[in-house]
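Step one of this worksheet: look at the structure below.
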Amino acid sequence: LLVDTTNADAGVVHEINLMTSVSGGSACDSRILTLNVSAPLIQPPDDSEPFSVGLDPTGQFSLRPGEKLDFIVTVANNRGEKAFVDFRSLGDFAQNTQFSLVSVDLAAYETKQVTATVKVPAGTPAENFHPLIRVRATTNEGLQYYYEMPYDVFVYSEAINLEVRNTPAA
């Protein structure tokens, strides 16, 4: 007996009536078979977090006003179901950060990458800045997971302070 379970619901018990008859006689036998459909066995990654996120490159960066810095934000769905992910910049340079995609859908166990471009605005004073990129992942049940990836940017000032010392010629 071959049974196709392509569109069957996992965890549901199905009863199948199978009628058999013996040729050459009048006896007819009826049997009830039980089919229990199990979900496919997909081994989740060893990662205990429901999602994995990463930022590349990492570290401290030095830029001048008007320069740009590109990051690759990687997010992996470690769950056996679809998830929704959105990206946001917070803190310094939040208004000057653009993402190649602000939201992505992730299938079960899928990984995607998004580019984040941070531009230091003209006129930014020389200072150490501490912006961050936030990733929010939402499951089908509505559970939300937040991941924050800070980075440091030192901005060199456009202005150069020069002090000229000259003595008059005698």
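All values derive from a computational prediction rather than experimental measurement.
Side-chain atoms of Gln98 and Lys119, non-hydrogen and from C-beta on, never get closer than 4.5 Å to each other. A 4.5 Å side-chain heavy-atom check between Lys112 and Leu101 finds every atom pair outside the cut-off. Looking at heavy atoms from C-beta onward, Val102 lies out of side-chain contact with Asp86 at the 4.5 angstrom threshold. A heavy-atom distance below 4.5 Å is found between the side chains of Ser89 and Phe99. Under the 4.5 Å side-chain criterion, counting only non-hydrogen atoms from C-beta, Glu127 is not in contact with Val155. The side-chain heavy atoms of Val135 and Tyr146, taken from C-beta on, include no pair separated by under 4.5 Å. Taking 4.5 Å as the limit, some side-chain heavy atom of Tyr151 sits within range of a side-chain heavy atom of Val118. Put simply, the side chain of Val120 does not reach to within 4.5 Å of the side chain of Glu67, judged on heavy atoms.
The backbone N or O of Val85 sits less than 3.5 Å from a side-chain atom of Ser103, completing a donor-acceptor pair. Between the Asp92 side chain and the His130 main chain, a donor and an acceptor come within less than 3.5 Å of each other. The main-chain N or O of Ala107 is found under 3.5 Å from a side-chain atom of Asn77 such that the two form a donor-acceptor pair.
In terms of hydrophobic clustering, with Ile, Leu, Val, Met, Phe, Trp and Tyr side chains grouped at heavy-atom distances under 4.5 Å, Val114 and Leu55 are assigned to a common cluster. Leu132 and Phe51 are members of different hydrophobic clusters when ILVMFWY side chains are connected at heavy-atom separations under 4.5 Å. Taken together through direct or relayed side-chain contacts under 4.5 Å among Ile, Leu, Val, Met, Phe, Trp and Tyr, Ile72 and Val153 form parts of separate hydrophobic clusters.
If you take CG on Leu90 and CD on Glu148, they are separated by 6.5 Å, rounding to the nearest 0.5 Å. Between the CG atom in Leu63 and the OG1 atom in Thr124 there is a gap of 10.0 Å [rounded to 0.5 Å]. Rounded to the nearest 0.5 angstrom, Asn128 CG and Gln60 CD are separated by 7.0 Å.
Checked against ring pair (Phe, Tyr, Trp, His ring centres under 6.0 Å), Phe84 has no partners two or more places apart in sequence or in another chain. The ring pair (Phe, Tyr, Trp, His ring centres under 6.0 Å) check on Phe93 picks up Phe129, with sequence neighbours excluded.
Under the 3.5 Å distance criterion, with hydrogens and angles disregarded, no donor-acceptor pair is assigned to the side chains of Thr115 and Asp70.
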Trace of the side chain to side chain donor-acceptor pair (under 3.5 Å) decision for Tyr145 with Glu49
CA-CA 10 Å; Tyr145 296 87; Glu49 282 288 323; over 6 Å; no
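Minimum interatomic distance between Val53 and Met149 (heavy atoms only, all atoms of both residues): CG2-SD, 4.2 Å. Here the closest heavy-atom approach between residue Gly123 and residue Pro65 is recorded as N-CB, 3.9 Å.
Residue Glu141 qualifies as enclosed at atom CD: its count of foreign heavy atoms under 6.0 Å is above 12. By the neighbour-count criterion of 12 heavy atoms within 6.0 Å, atom CD of Gln144 is densely surrounded, having more than that number from other residues, nucleotides or ligands.
Taking the six-membered ring for Trp and the full ring otherwise, the centers of Phe71 and Phe61 sit less than 6.0 Å from each other.
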